[in-house]
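Reviewing the structure listed below.
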Amino acid sequence: MNTTSTPRHVISVFGLGRVGLITAVCFARRGYKVIGIDPDNHKLDRIRSGEPLFFEPGLHDYTKAAISNGLLTVTNDPLANTGSDLSYLTVGTPSNLDGSINLDYLKNATASVGKSIRKSSTYQTVVIKSTVTPGTARNVVRPILESESGKSVGLEFGLCSNPEFLREGSAIHDAEFPDRIVIGSNDMKSIDNMETFYKELHGEHTPTVIRTSHENAELIKYANNAFLALKVSFINSIANITERVPGADVKTIATGIGLDNRIGPKFLNAGLGWGGSCLPKDLKELSSYSKTLGYDFTLIEAAIRVNDYQKQRAVEIAQMKLGSLIGKRIAILGLSFKPGTDDMRDAVSVPIIEGLLARGATVVAFDPAAVRNARGIFGNKIAYATDPMNCISGADCAIIVTEWPEFDISPSMFLKLMRYPMVIDGRRVYEAELFIRSGIDFSAIGLGT
Ligand code: NAD
């Protein structure tokens, strides 16, 4: 990647959550001066000490380096970006109860940027990276910027929609090597500026740049996540059939269809459903937004329904096999919504554990990264193990909820440590035949019995 070229931008990032902090440290890594702005003082202190509040592979090293070389400074001063030439909006856009998204954080941050533009003599380009409903850049962000700054978009400052596609767990890699860059705007100068910046940032690794309207950029993000969720809900539906067909296995079926290059192998891993901070929220929003346009996006609603059902499969299987769950000790291997992160937002472990507790089970859980966040959700309603072996010891059933590499446990260990050796492989990480042959009472999503 290019680290030497000029001109050098001064970049502000509003919102130092998962997207914002990753964005900020990756820019600093390339030598840009970055000002990170967030109202959360605790978060800021942790970043200043080089110990961010959340886990992401590589993030500690990047943060420590950016703070110690002075390229990243963080502050709660909303006007600290005065003088920057790029201002990124990476604040959260959480779901409202009706499925639509809450734009309050975005509106607040936008107002701050507008005020700073009023004071600034630099031509600033504002970049919306938060995931927002189509029309937000045009109808929400632009009017706030223009009224707070007293200046005109396209003439005195720029505005772009630049959705983020990074995946938690590989976020730094994805930020440094994106597979495409989408830049939406109504003014060509903003698009040109951003394309030039990204070419300077990524050098020979610059991927395809899609230059388009705000609305297309905003919709690309939703369509992207909706498609991924549909693919998983599709294979999970196939899994629910294969479980009822002796001799059938969804894994083989996924391999078979994934080799069709019109389909591809990714996002065809059957399991306990999708969760996380993006897919559930973005699908709800796409469905809610479609309704405002007079279109019932039934496909999305079906994907959500399939997913809701899928999250309860492990509880159903445990109950079917063990009968009553009252007093049964269930080991939960994996709490985060996916491996490589400590993010528990909409993690499927939550409804699974709630389902087990409601049926009277005792739950002991282990996760390499997410225990701190899980404690915030479950408190002392469940026990937390210090390692996977400790988690399965004395259990009547072990459920693999997140496919962390740490759960590479041999059948003999399950047999040795568990009170009753029952394993529910919710992520298809084990070799089924080996486990069944060893005498384990083994079930797996999509495995016909
Ligand atoms: P987050 O909740 O982790 O972080 C948001 C941050 O914004 C918080 O630190 C909060 O304190 C800060 N904030 C709130 N109001 C502010 C203000 N007025 N000024 C400055 N900072 C403010 O959210 P996230 O997961 O980083 O997601 C951010 C956006 O990116 C969302 O729209 C999300 O949908 C989208 N997105 C997330 C991911 C992901 O993997 N997490 C991936 C792609 C896109």
Side-chain angles (χ1 to χ4, degrees), residues 12-26 35-47 52-57 59 74-81 84 87-96 100-116 126-133 136-137 140-141 144 148 161-175 178-182 217-218 220-222 224-226 228-229 274-286 336-338 340-347 373:
S12 293
V13 178
F14 280 79
L16 297 174
R18 300 199 180 240
V19 169
L21 185 58
I22 302 281
T23 304
V25 298
C26 287
I35 303 155
I37 298 163
D38 198 293
D40 184 336
N41 286 325
H42 180 49
K43 200 169 270 187
L44 297 179
D45 286 342
R46 290 288 297 263
I47 295 169
L53 266 177
F54 62 90
F55 169 75
E56 181 65 39
L59 180 64
V74 298
T75 174
N76 61 7
D77 175 2
L79 299 183
N81 72 321
S84 335
S87 280
Y88 277 79
L89 294 169
T90 57
V91 295
T93 48
S95 288
N96 291 316
S100 64
I101 54 168
N102 178 345
L103 291 176
D104 290 349
Y105 302 108
L106 185 78
K107 288 178 187 168
N108 278 336
T110 302
S112 304
V113 177
K115 289 188 179 85
S116 76
V126 183
V127 188
I128 307 169
K129 232 180 206 319
S130 301
T131 302
V132 294
T133 319
T136 301
V140 179
V141 174
I144 295 175
E148 293 289 348
S161 298
N162 176 215
E164 179 56 63
F165 300 96
L166 61 76
R167 298 160 299 171
E168 288 180 28
S170 54
I172 288 198
H173 173 272
D174 295 349
D179 46 17
R180 79 239 105 140
I181 292 169
V182 177
E218 292 162 330
I220 285 170
K221 174 67 190 172
Y222 281 102
N224 196 96
N225 275 356
L228 293 175
W274 36 269
S277 64
C278 289
L279 296 193
K281 166 173 91 77
D282 294 352
L283 263 76
K284 278 189 253 165
E285 169 59 359
L286 185 55
S336 57
F337 86 90
K338 64 184 285 196
T341 179
D342 59 355
D343 202 343
M344 289 286 298
R345 287 179 286 183
D346 262 316
N373 288 336

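First listed ligand is number 1; within each ligand, the first listed atom is number 1. Computed from a predicted structure; not experimentally measured.
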Subject >> Polar contact flag, side-chain donor to acceptor under 3.5 angstrom, Ser336-Asp343 >> reply: no
Subject >> Test item: side-chain donor near acceptor, Thr93 and Lys281, under 3.5 Å >> reply: yes
**OP:** Report yes or no: do Glu285 and Thr133 form a side-chain donor-acceptor pair below 3.5 Å?
**Re:** yes
Original post:
Who are the ring pair (Phe, Tyr, Trp, His ring centres under 6.0 Å) partners of Tyr88, not counting sequence neighbours?
Top reply: Phe27
**OP:** Taking side-chain contact (heavy atoms from CB on, under 4.5 Å) as the test, write out the residues that go with Asn373, two or more places apart.
**Re:** Arg18, Asp342, Met344
Original post:
Which residues satisfy the side-chain contact (heavy atoms from CB on, under 4.5 Å) test with Asn41, sequence neighbours excluded?
Top reply: Leu44, Asn76
Subject >> Shell of residues surrounding ligand 1, defined by a 4.0 angstrom heavy-atom cut-off that is strict >> reply: Phe14, Gly15, Leu16, Gly17, Arg18, Val19, Ile37, Asp38, Pro39, Lys43, Thr90, Val91, Gly92, Thr93, Tyr105, Asn108, Ala109, Ser130, Thr131, Glu164, Leu166, Glu168, Lys221, Ser277, Cys278, Lys281, Arg345
